[in-house]
Amino acid sequence: MRQLDRFDQERLLAIARRSIERAVGRPPADEAEAKTSMPAALTDPAAAFVTIHESGELRGCIGMMRFDVPLWINVRDSARAAALDDPRFLPVSEPELPHLELEISVLDPPVEIADAAEFVVGRHGIIVRRGGHQALLLPQVAGEMGWTEVQMLDAVCRKANLPHDVWRDPATILSVFESVCFSEATQTG
């Protein structure tokens, strides 16, 4: 699993926040990430998701499953997309900015599993693929929802617009991954 020190985490959270501010029309304070050198942990390729909460409620979550793009760019692009493009929500507006809390998940590459019994709830995120349908749930979702392995597998299938138990069919492709998750709340606490 990828390791990020506190400085790297803080830097990624700052990149995500600046990206959202620029996306909703607040003038950028600066282009710090473009002007300064990045540590290897942030320039190495890695997928990332950015989750936005407002007053404790989900406000947006989108990720970039690009394992050939530098981590900081995936964080920047995911933050913008989570603020503007999550189809479940209206775009974030400038007055909301002070009330947003950001969370970043940095994903290890997914590994296809032959049997759903290999999925460990709370440790693994899960990806389901069947036909033209695909969906992903991050590892922390199970804990947030209080789900068991079966509930998490059912939920990822529903998210993919598939029958809830299609994960039991051997023709369904399941992949697991681990991630490092941190938020603005964990940085200040």
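A distance-only check finds no donor-acceptor pair linking the side chain of Ser179 to the backbone of Cys181 [under 3.5 Å]. Side chain of Arg22 to main chain of Arg17: no donor-acceptor pair is present (N/O by atom type, distance under 3.5 Å, no hydrogens or angles). Side-chain N or O atoms of Glu96 include one that pairs as donor or acceptor with a backbone N or O of Ser93 at under 3.5 Å. In terms of modelled atom types and a separation under 3.5 Å, the side chain of Ser78 and the main chain of Phe49 share no donor-acceptor contact.
Under a hydrophobic clustering in which Ile, Leu, Val, Met, Phe, Trp and Tyr are joined whenever their side-chain heavy atoms come within less than 4.5 Å, directly or via other members, Ile52 and Val24 fall into the same cluster. Val50 and Met64 fall into different hydrophobic clusters, where Ile, Leu, Val, Met, Phe, Trp and Tyr are joined by side-chain heavy atoms under 4.5 Å apart, directly or via other members. Under the 4.5 Å side-chain contact rule for hydrophobic residues, Leu71 and Ile62 do not share a cluster. Grouping the Ile, Leu, Val, Met, Phe, Trp and Tyr side chains by contacts below 4.5 angstrom, directly or via other members, places Leu102 apart from Leu107. Linking Ile, Leu, Val, Met, Phe, Trp and Tyr residues whenever their side-chain heavy atoms come within less than 4.5 Å places Ile15 and Leu4 in a single cluster.
Salt-bridge annotation for Asp86 and Arg59: absent, with no side-chain N of the basic residue lying under 4.0 Å from a carboxylate O of the acidic one.
To the nearest 0.5 Å, the span separating CG on Asn74 from CZ on Arg66 amounts to 4.5 Å. Atom CZ of Arg6 sits about 12.0 Å away from atom CG of Asp8, to the nearest 0.5 Å. Note that CD1 of Ile126 is 10.0 Å distant from CD of Glu118, once rounded to the nearest 0.5 Å. Distance check, rounded to the nearest 0.5 Å: CG of Leu97 to CD of Glu94 gives 6.0 Å. With values rounded to the nearest 0.5 angstrom, Ile113 atom CD1 is found 11.5 Å from Ile173 atom CD1.
Residues Thr148 and Val121 fail the side-chain proximity criterion, which asks for heavy atoms closer than 4.5 Å. The shortest distance between side-chain heavy atoms of Met65 and Pro110 falls below 4.5 Å. Ile127 has its side chain out of reach of Glu112: every pair of non-hydrogen atoms, C-beta onward, lies at least 4.5 Å apart. Inter-residue side-chain proximity for Arg168 and Val150 is flagged as met; some heavy-atom pair is nearer than 4.5 Å.
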Practice prompt. Show your reasoning for whether side chain to side chain contact (heavy atoms under 4.5 Å, CB included) applies to Leu42 and Arg11.
Written response: CA-CA 9 Å; Leu42 306 188; Arg11 185 110 180 241; 3.7 Å; yes

With a cut-off of 3.5 Å and sequence neighbours excluded, list every side-chain donor-acceptor pair involving residues 132-143.
{"residue": "His133", "atom": "ND1", "partner": "Ala160", "partner atom": "O", "Å": "2.9"}
{"residue": "Gln140", "atom": "NE2", "partner": "Glu103", "partner atom": "OE2", "Å": "3.2"}
{"residue": "Gln140", "atom": "NE2", "partner": "Ser105", "partner atom": "OG", "Å": "2.9"}

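Using modelled atom types and a 3.5 Å distance limit, the side chains of Arg80 and Ser19 yield no donor-acceptor pair.
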